[in-house]
Amino acid sequence: MMQMTTADDSSLINCTTCRLVSRVRRIPKQSFPICPRCGAQMFRRKPNSLARTWALIIAAYILYIPANVYPIMTVISFGKGEPDTILSGVQSLMVSGMWPLAVLVFFASVTVPLVKLLGLTFLLVSVHYQWRWRPKQRTILYRLTEAVGRWSMIDIFMISILVALVRLEAIATIEPGTAATSFAAVVVLTMVAAMSFDPRLMWDAMEQRDG
Amino acid sequence: MSIPTGHRLIACQDCDLLHRQRLLRDGERAKCTRCGAVLYRNKRNSLDRTLVFSLTGIILFLMANLFPFLTFQYEGRVQESVLFTGVKELLVQDMWMVAILVLMVSIIIPLLKIIGTLYVLLPLKVNRRPWRAAFMFRLVEALHPWAMVDVYMLGVIVAMVKLSDFATIVPGAALYSFAALLISMAAASAALNPHEVWEQLDVADRI
Ligand SMILES: [Zn+2]
Ligand SMILES: [Zn+2]
């Protein structure tokens with residue numbers, strides 16, 4: 001019952017789109033077999049998973065700096081501008097006594113992107129050195145990084161709503177700052193990075209030395 | 001080049017371990033014995049429920065885009081905004097990358113996702129296979145993480161609370177529709193059983 005064979009060991013290929021398991025006789029070079037059921041390309045493992053994920057998270061790390069240093073929006077009231085960075089935005093929520101909201105924004109805008117970046121880095125390093133340490137826990141970490149990423153968009157959406165609402169020319173306007181573009185890019189890059197990482201690579205290391 | 005191995009085998013998407021597929025009871029789910037990933041589920045009346053929630057979603061989507069979203073009141077000045085206003089103002093302020101992203105994930109992708117779901121599932125309900133069904137359903141599945149109606153709603157709440165000290169913000173009919181859209185889309189995703197849809201598309205193919 002528990003013979004622990006993988007699709008790959010049995011010369012089978014799992015379509016990651018529709019989950020059909022097919023037998024592939026011969027894989028043509030430079031191209032991928034097409035799933036007979038859904039027509040998607042099938043790969044043993046996601047192509048260039050490590051290189052792609054590294055490239056995407058390195059880009060995200062770089063953009064994380066301007067996203068936090070530059071103002072994400074500026075409230076201009078009576079001609080005077082008050083720029084807010086991500087962190088000072090959280091701070092001003094705290095000062096106004098909006099604690100639950102401050103915690104929410106801090107979690108979505110600061111904790112989630114960092115945990116995602118550090119988590120993916122850790123997973124990439126673990127695959128690179130073929131660690132055999134707790135693959136199940138690392139797989140759970142992967143699922144977590146994949147699931148939480150989109151929630152970082154809260155700040156971007158909040159800005160788009162503030163910009164739409166506060167348009168009182170001389171009295172008050174809200175302008176989005178340059179950090180908004182960088183931050184949005186960080187969110188998108190980390191989401192794509194999580195998608196291009198293949199968790200099966202962590203389990204491949206388990207089998208190599210078993211067998 | 002490739003031949004299906006019959007439908008009895010299923011491989012874990014996270015660790016590649018092979019499992020023999022078995023019949024599940026209503027509401028049951030099969031988990032990978034090695035890594036704990038959910039392999040497949042059995043959902044009761046999945047097709048019908050997904051269709052109902054998606055049809056509701058289409059109506060709510062239209063309402064959310066047509067009616068006033070939020071009204072801003074400050075010392076006698078009243079300013080109304082619709083869902084699209086945020087995107088428009090971002091464009092006016094030259095933030096076109098952010099504007100396009102917000103437009104995609106809060107309006108266009110959710111709409112495409114609902115339409116795509118209906119396009120594939122409505123014909124399946126009467127045992128037909130729509131044109132390019134596999135491509136369309138692949139698209140629906142790929143769009144899933146990028147439809148951010150739920151996250152957008154939280155952004156709205158944060159913005160409303162942030163402004164509450166300074167001005168009066170009155171939610172409009174579109175905001176309530178949007179909140180209901182979020183619920184109906186979440187219910188549709190919870191009801192949808194992609195595994196079942198792919199198997200049905202497979203069967204429909206042979207008729
Ligand atoms: Zn497939
Ligand atoms: Zn597994």
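Given the structure is predicted, the values throughout are model-derived calculations rather than measurements.
- Counting heavy atoms from C-beta outward, A:S160 and B:V98 have side chains that stay 4.5 Å or more apart.
- Around the OH atom of A:Y70, the shell of radius 6.0 Å holds no more than 12 heavy atoms that belong to other residues, nucleotides or ligands.
- Scanning both residues, B:L101 and A:A184, for their nearest heavy atoms gives CD2-CB, 3.6 Å.
- For residues 102-118 of chain B, a heavy-atom distance under 4.5 Å to chain A picks out B:V102, B:V105, given by residue number.
- For chain B, the nearby parts of A:L165 are the backbone and the side chain; heavy atoms of each come within less than 4.5 Å.
- For B:D165, the part sitting under 4.5 Å from any heavy atom of chain A is the side chain, from C-beta outward, and nothing else.
- Listed for the A:R150 side chain is no donor-acceptor partner under 3.5 Å among the backbone atoms of B:W146.
- Neither the backbone nor the side chain of B:D94 comes within contact range of chain A; no heavy atom of the residue lies under 4.5 Å from a heavy atom of that chain.
- The two residues A:T17 and B:E141 make their nearest non-hydrogen contact at O-OE1, 4.1 Å.
- Residue A:A185: no heavy atom, backbone or side chain, is found under 4.5 Å from chain B.
- Most heavy-atom pairs under 4.5 Å with chain A: of the set B:R138, B:Q93, B:M97, this distinction falls to B:R138.
- In terms of heavy-atom pairs under 4.5 Å with chain B, the best-connected choice from A:V166, A:T16, A:I159 is A:V166.
- With values rounded to the nearest 0.5 angstrom, A:D155 atom CG is found 11.5 Å from B:L154 atom CG.
- Here CZ of A:R19 is found 4.0 Å from CD of B:Q13. Values are rounded to the nearest 0.5 Å.
- Between B:W198 and A:C38 the shortest side-chain heavy-atom distance falls below 4.5 Å.
- Top candidate by heavy-atom pairs under 4.5 Å with chain A, chosen from B:D150, B:L39, B:V92, B:V197, is B:D150.
- When heavy atoms are compared at a cutoff of 4.5 Å, A:M195 approaches chain B solely by way of its side chain, counted from C-beta outward.
- Heavy atoms of A:V188 lying under 4.5 Å from chain B belong to its backbone as well as its side chain.
- Between chain B and the options A:R200, A:M98, A:M202, the largest number of non-hydrogen pairs under 4.5 Å is found for A:R200.
- Most heavy-atom pairs under 4.5 Å with chain B, from the set A:I156, A:I154, A:D198: that is A:I154.
- Using a distance-only test at 3.5 Å, with no hydrogens or angles considered, no donor-acceptor pair links the side chain of A:R37 to the main chain of B:D202.
- Heavy atoms closer than 4.5 Å to chain A are found in both the backbone and the side chain of B:V161.
- From B:K162, atom NZ reaches atom OG of A:S96 across 8.0 Å, with rounding to the nearest 0.5 Å.
- Contacts of residues 134-147 of chain A with chain B at a heavy-atom distance below 4.5 Å involve A:K136, A:T139, A:R143, listed in sequence order.
- Counting all heavy atoms, side chain and backbone alike, B:D16 lies closest to A:D8 at OD2-N, 3.2 Å.
- Of the two parts of A:L104, only the side chain, counted from C-beta on, holds a non-hydrogen atom closer than 4.5 Å to a non-hydrogen atom of chain B.
- Looking at A:I161 and B:Y152, their side chains come closer than 4.5 Å, going by heavy atoms from C-beta outward.
- Taking the side-chain contact (heavy atoms from CB on, under 4.5 Å) definition, one finds that B:R34 meets it with A:M4, A:T6, A:W203, A:E207, B:C15, B:L17, B:C32, sequence neighbours left out.
- Both the backbone and the side chain of B:P145 have a heavy atom closer than 4.5 Å to some heavy atom of chain A.
- Residue contact with chain A, scored on non-hydrogen atoms closer than 4.5 Å, is absent for B:A99.
- Among the candidates A:V187, A:L168, A:L93, the residue making the largest number of heavy-atom pairs closer than 4.5 Å to chain B is A:L168.
- Ranked by non-hydrogen atom pairs under 4.5 Å with chain A, the options B:A167, B:P194, B:A37 are led by B:A37.
- Atom OG1 of A:T5 sits about 9.5 Å away from atom NE2 of B:H19, to the nearest 0.5 Å.
- Only the side chain of A:S10 comes within contact range of chain B, with at least one heavy atom under 4.5 Å from a heavy atom of that chain.
- Of the two parts of A:M153, the backbone and the side chain both hold a non-hydrogen atom closer than 4.5 Å to a non-hydrogen atom of chain B.
- In this structure, the portion of B:M95 lying under 4.5 Å from any heavy atom of chain A is its side chain and not its backbone.
- Contact annotation for residues 64-89 of chain B against chain A (heavy-atom separation below 4.5 Å, listed by residue number): B:L70, B:F72, B:Y74, B:R77, B:Q79, B:E80, B:S81, B:T85, B:G86, B:E89.
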